[in-house]
Structures are given as structure tokens and as C-alpha cells.
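What follows is a single structure, written as C-alpha cells, with notes after it.
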Amino acid sequence: MRRIGAFGGSTALWALLAAHVAGAFEPVSVGIAIGAVSALTGYLSYTDFYCRFTECCHEERPLNTSALKLDLEEKLFGQHLATEVILKALTGFRNNKNSKKPLTLSLHGWAGTGKNFISQIVAENLYPKGLKSNFVHLFVSTLHFPHEQKINVYQDQLQKWIRGNVSACGSSVFIFDEMDKLHPGIIDAIKPFLDYYEQVDGISYRRAIFIFLSNAGGDLITKTALDFWRAGRKREEIQLKDLEPVLSVGVFNNKHSGLWHSGLIDKNLIDYFIPFLPLEYKHVKMCVRAEMRARGAAVDEDVVTSVADEMTFFPKDEKIYSDKGCKTVQSRLDFH
């Protein structure tokens, strides 16, 4: 009630100021000006009030870069490349009011390295409800597109779904999980939406965000990480240029990538191929500590070590990387 009263006072002040300036203009102009101000304040009042009770699509709302950076640094472990690239990509895209195409990111790496987790962080920083937002849409290949013989049906459904949701909110987010299990050809149905078109059938897709999650390329990423480790170099020395070209070619030629011979790669419509490095023993311990804090429990280093020691590591001789990343940390912690 106080907020409504305050706005009413503000509206009255606008009207008073308009009347005070009236002497400087002819009556018709003054009437138009006051009417315009009243209409504008009334619209803003309604929109502000309405959006307090239901989720609204704020297409021009700036990204809180500091909050995103803090979330990535505090919640994602061992992924310096993903943290850096996603922060820069999202910040640049949301701050650019004249983007020429949607932002399209392809995240690659073994299970448990943080791909799903980072998509959750991104969603929560774009919309308060995160993955539960009406403007964030998650597709799981094995759930939404299970039958190879229905590819044409899926393509048509996918186009209609994306077209309808972008019509409702231009800054919608679409996340495609398990891309490595997606039947080749399905994803090319959305190629026109990712291209450099001002509009497609009267709809602009330039403010939308598309994120692909895939295990494909995990072997290529691990090989590079191992090469650095065996050469005595730190994983933090790995740069995007060391992996992105290899990833794009490897995924394009991988029949099990979901992007096999895809026009999205062939036409350079994917803005970044982001590698997720395999996690080491120290990173697993970080995950355990984070999970204990999330449960409101005090961090017990004996438990942290015990859970980390239960994980299995590869390669067989060096045993450097967790073969499941941090994927089973939650379930294992339940037994301690």
C-alpha cells in the first residue's frame, strides 16, 4: 500500500510540474503533453504493479555481471575456460543492443564436469526463477526426441515451440541437453533462427540464447589436458584456442554428436565451443565441501577426504581425473 501511495504522489507531482510550465506553450500543446505524461505514468504504474505478482519478460534488463562472475567463481570448480568465456560472451551479448544473431553456445565435456550446473547458473542470472522460469526452456534429447523415425515431426514441433516462445519473449533461453544422444538432423530445423536474419516470418530471434550440452568431444578435451599435465604445465595454461578448433571439427565429424555434419557448424552459427576439463582429486573435494555447505552442515575435512577417496580416477597409471567428475558426490555424501 505504501508503494502505491508513493507512486500516486509522484503522479501528482508530474501533473503539477506540467501545469506550471503551461504558460510557456499554447493550450493544445499543453493538453497533449499532460495527456502523454498521464498515459505513460499510468502504463509504467500498471506494468510495475503487474510484474510484482507474475513473471515478466524484461528484454532490456542489463545483466548483473558482478553477480554472474561471483556465482561462477564460487560454484564452478576447475573450469577456468568455461568461466571466462561464458562471462564474456553473456556480458557482451546482453550489453549489445544491436546484436546481429542469437547467442549460441556449445558446451562439451564428460559427465559431472559442470555443464548442466553452469546452464543453471546462467538461467538464474538471467531470470530469478532460473530453470523454472517461463522464459527458460530445457530440452532433453532422450525425453523429447526419442524416436529416430519421427525426426520430421520433431523438427516441426521444435520450430513451432521456439517460434511461439520467442514471440512471447524475445530474450527466451533454450537449453538442449544430451546433444550427443540427439538424432542427427533434428537440430538443423532451428538453423534459420540462429542465422544473421533481422526477422524470420516477422519474428526477430536476435535477443534469444541457445545453449547446447554434450559429452561429445570429451576424449579430445581429456587428451589436451593430459598432454599439458605430462608436459609439466598447469591446466590453467590451457587456452580456448588450444581446444575450440579441435572441438568444432571433432563434433562435426562425430556421428554421435547430434551436430554431425550440421549446418550450424558448417555456417559458423555457433559462437563458442566451450570445453569442460576433466576434474582432478582437488576439484572433487571442492565439490564435496560446496555440497556440505549447501546442506547447511559444517565442513568436516575427514568426510570430504573420505568421499573423494571413494571416487575412481583415470588414466589407469596416473589416476589424475575423476571418471564421473562430481556427478555422484551428492549421493555418496548421503552415506556419511
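As the structure is a computational prediction, the values presented were derived from the model and not from experiment.
- Remark: the E55 side chain and the S133 side chain contain an N/O donor-acceptor pair separated by less than 3.5 Å.
- Residues K267 and D188 are not paired through a salt bridge, judged by the lack of any N-O separation under 4.0 Å between the basic side chain and the carboxylate.
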Worksheet item: Given Q199 and R206, is the side chain to side chain contact (heavy atoms under 4.5 Å, CB included) satisfied, shown in steps?
Response: CA-CA 8 Å; Q199 291 186 343; R206 292 182 168 185; over 6 Å; no
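- Judged by distance alone, with hydrogens and angles left aside, the side-chain atoms of S167 form a donor-acceptor pair with the main-chain N or O of R163 at under 3.5 Å.
- Looking at F273, Y272, F176 one by one, the single match for ring pair (Phe, Tyr, Trp, His ring centres under 6.0 Å) with F212 turns out to be F176.
- Side-chain atoms of S106 and M179, non-hydrogen and from C-beta on, never get closer than 4.5 Å to each other.
- Results of the side-chain contact (heavy atoms from CB on, under 4.5 Å) test with F228 over R233, R235, K234, E236 single out R233 as the only residue that passes.
- The environment of OH in Y197 is sparse: at most 12 heavy-atom neighbours from other residues, nucleotides or ligands sit within 6.0 Å.
- The closest donor-acceptor contact from the side chain of E280 to the backbone of G78 lies at 3.5 Å or more, if one exists at all.
- Put simply, the residue from Q330, K324, R332 that forms a side chain to side chain donor-acceptor pair (under 3.5 Å) with T328 is R332.
- Remark: aromatic rings of H108 and F276 are distant, center separation not under 6.0 Å.
- Formation of a donor-acceptor pair under 3.5 Å by the S119 side chain with backbone atoms of N116 is found in this model.
- No donor-acceptor contact under 3.5 angstrom links the side chains of Q159 and Q155, judged on distance only.
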